[in-house]
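Right, one structure below, let's go through it.
Excluded from the calculations below are hydrogen atoms, water molecules and symmetry mates; all remaining heavy atoms, backbone and side chain alike, are included. Naming convention: chains lettered A, B, ... in sequence-line order (proteins, then strands); numbering from 1 in each chain. Keep in mind it's a predicted model, so treat the numbers as computed, not measured.
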Amino acid sequence: MQGYISECRDPYSNIAFERELLLARQKAVFLWINDPCVIIGRNQNPWAEANIEYAHAHDIRLARRFSGGGAVYQDTGNLNYSFILPEQEANIADRWLADAFHIMGIHPIPSGRNDWLIQERKFSGCARCEENGWVLIHGTLMIHVDLEQLEKVLCPSPLKLRSRGIESVRSRVINLQEVISALSVSDAANAFKTAVPADFCPAVFAQATQTLARDLESDSWVFAESPGWEAEYETAGPDGIYRFYFTVENGAVSDVKVFTDALDPASPRQRFQFIIGRKADLPQLFRLIDSTLKASNLRT
Amino acid sequence: MPVIEMPAVDGVKSFKVGKIHVAVNDRLEKGQDLLHVEAGKESRAIKAADAGIVAEILVKEGETVSAGTPLIRLDEADAAPASAELLMPEISGTAKPRIGKIRVKAGDSISAGQELVQIEAGKTARTLKADADGIIETVLVCEGESYAAGTVLLRIAPAAAVEASKQQAPANTQAVQCDLLIIGAGTGGYVAAIRAAKAGKSVILAEKNKLGGTCLNIGCIPTKTLIASAHRFEEALHSAEFGIDIQGEIKPDMPRIIHRKDQVVGTLVGGVEYLMQKNGIRVVRGEAAFTDAGHVHISGSESLDVTFTDCIIATGSDVTRPPIPGIDSPLVMDSTAALSEEKLPRTVAIIGGGVIGLEFAFLYNDLGVEVTVLEYLDRLVSMVDRDISEAILEIARKRGIRVELTARVTRFTETVNGQVVTTYEKDGKEYAVSSDRALVAIGRHPYMEGLGLENTGIALNERGRGIATDEHMRTNVAHIYAVGDVNNRVQLAHAASYQGMIAVADILGESTSFDAGRIPSVIFTRPEIATVGLGEDQAQKAGIAYKVGHFHFSGNGKALSMGETEGYIKLLMDENETLIGGSIIGPDASTLIASLGICIANKMKVSDLENTVFAHPTTAEVIHEAALDLTLGAFHE
């Protein structure tokens, strides 16, 4: 079996490489580390999972992975492992993982099918993606993740929205360094290299991988892949309070409803019809609405 | 209408019909069992060779048949195969997987292997894909909901049905989305398109006529091309002054002049087409109309419903045809018709002494046509300073162009001998001028017809003259911009391009504001007139204290050598000695104005010009002399 170790910290490139491994239908193991990023599950809505503006302001990248499950924050204090196996052999992954934990010197307790706990706090979670009878099983391993950053970025800004995507389950988390203070990310990677019967080499990203990585970075993947959702916005216009209800499909506003207590609203629905079809970048939409309310009051 | 017959089987002469599995009107799939026949204890299934509908069953159970006996008649008129269903798969350990993203909607064409629905169960993501080509009939489930294994998620009509339906309804409206929709591919629209495409925006450019708009096709470029021919002719006529003896008849060949003009226009339009391709701009031929403030329908070679993030209206302007009796006579032309007229009139009456009228007046005059200009106001080209209006009036009259000011045209009348009489009032009396042709050139008005502006809430200027815009070219609807003639700020091609750049800059979040003072204006009379910034009339009106420096081309060596000494330059500076405007009437004015434009856009001082060295002998030296006139006094005058 072939093992790969990524020397790249770009989450999009690593997710793309992992994707290509799954599509190649060869047994493989992949170890990777990312620069600060939030990685959401395949069927999640980034607006519901993360504080997007905080992420932008702090250079935390936003990525969508191909597997299910919830949102994670990770940085260089986190190790990711990925196993690519035929579905009928998938159980071996649990063995490898248990062996790796043993080598690291930790004795966690499994929780449900996917999580691992120490002191009743989660330090590792895993998710899967099935494709053509092959399965990708991958997970995180928190060693010394910046928990303050994690707390802030995984707290979505107070937007009123109703997502049809998968919601994350909030867990109390723990860094493994709290348990074994000397444990480093490379110690954890070495544990996998010992536990998994594979020949390891550095991952080389082909052109196709780079191309896929750029697609994975695009809004059409990170944002527009979300299942449909709805958002609400309330603002004080020059002549009264306006409340907007947006329906979002494929990352763009597909419908908008406007309610107002303004005395003489000039057909509000017609006026805000132009919102339809626009990219559902909420803060920008809200600014646009505010400026339109202001502008239409100035000029007739 | 196909009939299924009993196939021949070696060594067997007759069969007994066993079970018939189908009934009339049953929809058959290819390979489906139709009936069983039996011979010598061997039962054999007769299968459908193709899809279809059972029209008639020609045999009965228990009947004896032989090879060739017709069994079933099929109707293929409605032979569309039954639709397929996409089911929720069984996933071990999970009762009800949840639907994530549904990637298709009813009506979508799909191809085999395409991703249709994303499902998730216990953190495992899986993608359901299409088995075969087809079209989505119905989507039966919702994103975010959970469904048991076996639930029908989608109904899919197979590709055969898709083909059939395509033949029935060929021109379906296509829904498309883009970052920027630009309506009108004139100098405002296409320049904005390039600017936006270079910044990575997806751009759709809608044009119902020709790329390049008025300027390239029926405006600036064709007139300048005709003027170039007229100059050759005029120079040839006067070549003896320069010591050149030309023998034989010199005359303009109108069909060839027009042909050359068409070639020049064709080259430029082709160039714009290439630029659109190179920058990945999608050009859609058709008429665009807003259905609301976020959507535009384009009908033409394609039928599109466009959803845009931003939109720039750049529909330009149209020739204004005043309601003068007789204006519909074939002898009365507008500028568009005049540009393609292959028969040179002997005499022409031009109604309007503005830019267009005057350019045609000099063009026709150079070609030897007897020209009368009828202008309603008391001066020609009223946008320049009065002294320049007077200078060009004097030059026009000297060249034999008859100019009547304060003349109000009241009617056109065709005469029995194929002339057109233009009747006008002047000083309370009625006059008439008879000519081969009349050319109406009283201006252009913003083109907004059929745009569906009423569906958007876009506000217009006072008296409905164009779309109201702010200094960023925004209309009152926040994401819609209007640039060029349609906003009726400055009717010039380069003003439209400039405004297009401002609109795109605003879209890109870079703030620049429109500054009319930077827009130069050129009139291709002979000599040319060019202005930029403030004129004296404007400065006086605005109460700006200014000083003006003059220099005449008669004092310029190069102009003298060219034999073109008519005209002068005027340079205006304010109290701080900052250059605020300039006007040139004279040779090369159209080229010289660029230097003044740089000074004014960059708020340069007169000393900056004074300290600039101008090459000798060039017409540009007049700029230096005018600057010196403002400070030390002109040296060569």
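- Heavy-atom distances place the backbone of B:Ile119, and not its side chain, under 4.5 Å from chain A.
- With a 4.5 Å cut-off on side-chain heavy atoms, B:Arg103 and A:Glu225 count as touching.
- With a 6.0 Å radius and a threshold of 12 heavy atoms from other residues, nucleotides or ligands, B:Glu462 has its CD atom at or below the threshold.
- Around the CD atom of A:Gln284, the shell of radius 6.0 Å holds no more than 12 heavy atoms that belong to other residues, nucleotides or ligands.
- We find the CD-NZ distance between A:Glu131 and B:Lys129 to be 3.5 Å, quoted to the nearest 0.5 Å.
- Interface residue B:Arg98: only side-chain heavy atoms are found under 4.5 Å from chain A.
- Taking OG1 of B:Thr124 as the reference point, atom CD of A:Glu130 lies at 5.5 Å (rounded to 0.5 Å).
- A:Ser67 approaches B:Ala125 most closely through the heavy-atom pair C-CB, 3.6 Å.
- Looking at B:Thr307, the atoms closer than 4.5 Å to chain A (heavy atoms on both sides) all sit in the side chain, from C-beta outward.
- With B:Lys101 contributing its side chain and A:Ala224 its backbone, the two residues share a donor-acceptor pair below 3.5 Å.
- Contact detail for A:Asn114 and B:Gly122: the closest heavy-atom pair is ND2-O, 3.8 Å.
- Checking side-chain atoms of B:Gln177 against main-chain N and O of A:Gly277 turns up a donor-acceptor pair under 3.5 Å.
- Counting only heavy atoms from C-beta outward, the side chains of A:Asn43 and B:Glu143 never approach each other to under 4.5 Å.
- In terms of heavy-atom pairs under 4.5 Å with chain B, the best-connected choice from A:Ile275, A:Asn250, A:Ile166 is A:Ile166.
- Summarising the local packing, CZ of B:Arg465 is surrounded by 12 or fewer heavy atoms from other residues, nucleotides or ligands at distances under 6.0 Å.
- In this structure, the side chains of A:Arg278 and B:Asp310 come closer than 4.5 Å at one or more pairs of heavy atoms.
- Expressed to the nearest 0.5 Å, how far CD of B:Gln118 lies from CZ of A:Arg42 amounts to 3.0 Å.
- Contacts between A:Asp115 and chain B at a heavy-atom distance below 4.5 Å involve the side chain alone, from C-beta outward.
- Counted within 6.0 Å of CG on B:Asp131, heavy atoms from surrounding residues, nucleotides or ligands total 12 or fewer; the atom is thus considered open.
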